[in-house]
Amino acid sequence: MKIILLGAPGAGKGTVAKLLSAFDGSVQISTGDILRAAVRERSDLGKKAKEYMDKGDLVPDSLIMKIMEERLREPDCEKGFILDGFPRTIPQAEDLKMLLEKLNVQLDLVINLDVPKEVILDRLTTRRTCSNPDCQAIYNIKSNPPTPDGKCTICGSPVIQRDDETEEAITNRLETYNEKTAPLIGFYGTEGLLRNIFSLNSKETVEEIKESLKLKV
Ligand code: ADP
Ligand code: ZN
């Protein structure tokens with residue numbers, strides 16, 4: 001499959017992308033994961049991106065497009081890809097359209113994960129992440145807690161709150177989403193690629209996406 005997942009921070013894009021990737025081997029491409037890896041490695045990209053990310057601001061489009069052009073040219077994308085967290089702005093969507101034309105790649109669908117605002121806020125403030133870069137398991141202190149002493153149940157590393165998961169950064173991320181990313185719903189609606197899915201449960205959402213893809217063929 002060649003799809004884009006849209007949705008607010010905390011809508012469950014990452015979880016849905018992982019399930020879809022396990023289903024048919026399409027690669028999950030998360031710009032957030034790529035940027036966090038760059039920050040950990042203290043690469044030039046990481047140094048540039050960190051100040052934006054910690055505040056919950058978007059990283060400049062030019063940096064993101066450079067990353068994505070390189071990534072989409074990798075041979076593992078030929079089978080299929082699930083874009084998670086990209087595009088995030090109208091200019092990114094326009095550049096992506098040109099890039100895909102250049103690479104002669106056709107998108108199947110753009111899926112918007114529609115999740116109520118209260119659910120999003122609750123999830124973001126209770127979310128915790130495994131600090132082990134190779135694991136990055138996601139927990140929720142209410143619905144899916146780590147061990148009682150705060151360790152990852154998979155790898156045993158400490159589970160932490162991301163720098164951009166302070167209340168201030170979360171508020172900023174949601175405002176940025178509404179202002180810069182929500183307009184993509186209209187953009188892809190006009191392109192005739194959009195499917196809106198009311199999503200509270202990742203597994204059910206994955207089944208709905210598979211159905212939409214079948215209907216498409
Ligand atoms: P979330 O969707 O939960 O906000 P992500 O992991 O997708 O988290 O992104 C984390 C941060 O990385 C964003 O707040 C932003 O600073 C940066 N980022 C990720 N993807 C993009 C993108 N496509 N364009 C600009 N910045 C991005
Ligand atoms: Zn872990």
Side-chain angles (χ1 to χ4, degrees), residues 4-18 28-40 45-72 81-96 99 110 112-113 115 119-140 144-147 149-166 168-184 187 199:
I4 295 174
L5 292 180
L6 292 181
K13 298 185 296 291
T15 310
V16 168
K18 283 191 179 67
Q28 173 191 9
I29 304 179
S30 157
T31 38
D33 287 349
I34 294 172
L35 291 168
R36 279 186 290 277
V39 169
R40 277 195 307 272
L45 167 69
K47 281 179 205 149
K48 285 182 200 145
K50 188 173 177 5
E51 49 176 323
Y52 299 98
M53 294 173 74
D54 285 352
K55 282 188 275 181
D57 289 337
L58 291 181
V59 173
D61 291 336
S62 56
L63 276 181
I64 297 289
M65 289 317 301
K66 194 166 165 280
I67 299 174
M68 284 308 297
E69 169 146 16
E70 277 171 24
R71 186 62 189 90
L72 285 168
F81 53 74
I82 301 146
L83 302 184
D84 154 18
F86 170 86
R88 272 279 227 291
T89 63
I90 294 278
Q92 288 181 19
E94 284 169 343
D95 284 353
L96 174 65
L99 175 60
V110 176
N112 182 49
L113 303 184
V115 181
V119 176
I120 293 275
L121 255 180
D122 187 58
R123 276 189 197 161
L124 289 176
T125 47
T126 53
R127 183 150 89 173
R128 300 292 182 273
T129 309
C130 172
S131 59
N132 171 2
D134 296 324
C135 177
Q136 298 190 59
I138 291 176
Y139 292 90
N140 182 292
N144 175 29
T147 66
D149 62 343
K151 300 279 165 49
C152 176
T153 56
I154 300 167
C155 76
S157 306
V159 165
I160 52 158
Q161 198 165 14
R162 265 165 41 181
D163 285 342
D164 65 354
E165 285 178 349
T166 62
E168 205 185 345
I170 289 171
T171 307
N172 189 24
R173 277 159 68 203
L174 291 174
E175 277 169 12
T176 305
Y177 169 79
N178 287 328
E179 193 186 316
K180 304 258 175 63
T181 309
L184 294 180
F187 179 93
S199 174

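Whatever order the structure lists them in is the order used to number ligands and atoms, beginning at 1. When reading the values below, keep in mind they use all heavy atoms of this one structure, side chains included, and skip hydrogens, waters and symmetry mates.
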Would [X] count as a contact of ligand 1 if the rule is a heavy atom under 4.0 Å away?
| X | value |
| --- | --- |
| Lys13 | yes |
| Arg127 | yes |
| Lys180 | no |
| Met68 | no |

Any idea which protein heavy atom is nearest [atom], and the distance to it?
| atom | result |
| --- | --- |
| atom 26 (N) of ligand 1 | Val59 N, 3.0 Å |
| atom 22 (C) of ligand 1 | Arg88 CG, 3.4 Å |
| atom 10 (C) of ligand 1 | Arg36 NH1, 3.6 Å |
| atom 8 (O) of ligand 1 | Arg162 NH2, 3.5 Å |
| atom 11 (C) of ligand 1 | Met53 CE, 4.0 Å |
| atom 16 (O) of ligand 1 | Asp57 O, 2.6 Å |
| atom 20 (N) of ligand 1 | Thr31 OG1, 2.7 Å |

Is there side-chain contact between [X] and [Y], with heavy atoms separated by less than 4.5 Å?
| X | Y | result |
| --- | --- | --- |
| Gln136 | Cys130 | no |
| Ile82 | Leu5 | yes |
| Tyr52 | Leu35 | no |
| Arg128 | Ile160 | no |

* Is it the side chain, the backbone, both or neither of Ile64 that has a heavy atom closer than 4.0 Å to ligand 1? ->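 The part of Ile64 near ligand 1 is the side chain, not the backbone.
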
* To do: Kindly indicate, with the supporting measurements, whether the criterion side-chain hydrogen bond (donor to acceptor under 3.5 Å, both in side chains) is fulfilled by Thr126 and Tyr139.
  => CA-CA 8 Å; Thr126 53; Tyr139 292 90; over 6 Å; no

I'd like to know if the side chain of [X] and the backbone of [Y] have a donor-acceptor N/O pair within less than 3.5 Å.
| X | Y | result |
| --- | --- | --- |
| Arg123 | Gly10 | yes |
| Thr129 | Ile138 | no |
| Thr153 | Pro146 | no |
| Asp164 | Lys55 | no |

* Option set Gly56, Gly85, Gly14, criterion heavy-atom distance to atom 23 (N) of ligand 1, minimum ->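 Residue with the shortest heavy-atom distance to the ligand atom: Gly85.
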
Show me which atoms of ligand 1 lie under 4.0 Å from any heavy atom of [X].
| X | answer |
| --- | --- |
| Arg173 | 1 (P), 3 (O), 4 (O) |
| Leu35 | 12 (O), 17 (C), 18 (N), 19 (C), 27 (C) |
| Gln92 | 22 (C), 23 (N), 24 (N), 25 (C) |
| Pro9 | 1 (P), 2 (O), 3 (O), 4 (O) |

* Supply the atom-to-atom distance Arg162 CZ to Arg127 CZ, rounded to the nearest 0.5 angstrom. =>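 Reported to 0.5 Å precision, the distance equals 5.0 Å.
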
* **Ile29: which of Ile67, Ile4, Leu72 passes side-chain contact (heavy atoms from CB on, under 4.5 Å)** =>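 So the option named by the test is Leu72.
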
* With Asp84, the side-chain hydrogen bond (donor to acceptor under 3.5 Å, both in side chains) member among Lys13, Lys18, Gln28 ->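 With Asp84 as partner, Lys13, Lys18, Gln28 yield a single side-chain hydrogen bond (donor to acceptor under 3.5 Å, both in side chains), made by Gln28.
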
* To do: Take the Zn ion (ligand 2) as the vertex and measure to SG of Cys130 and SG of Cys135; round to 10°.
  =>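 It rounds to 110°.
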
* Check: Phe86 N/O within less than 3.5 Å of ligand 1 N/O ->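 So ligand 1 has no N or O lying under 3.5 Å from an N or O of Phe86.
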
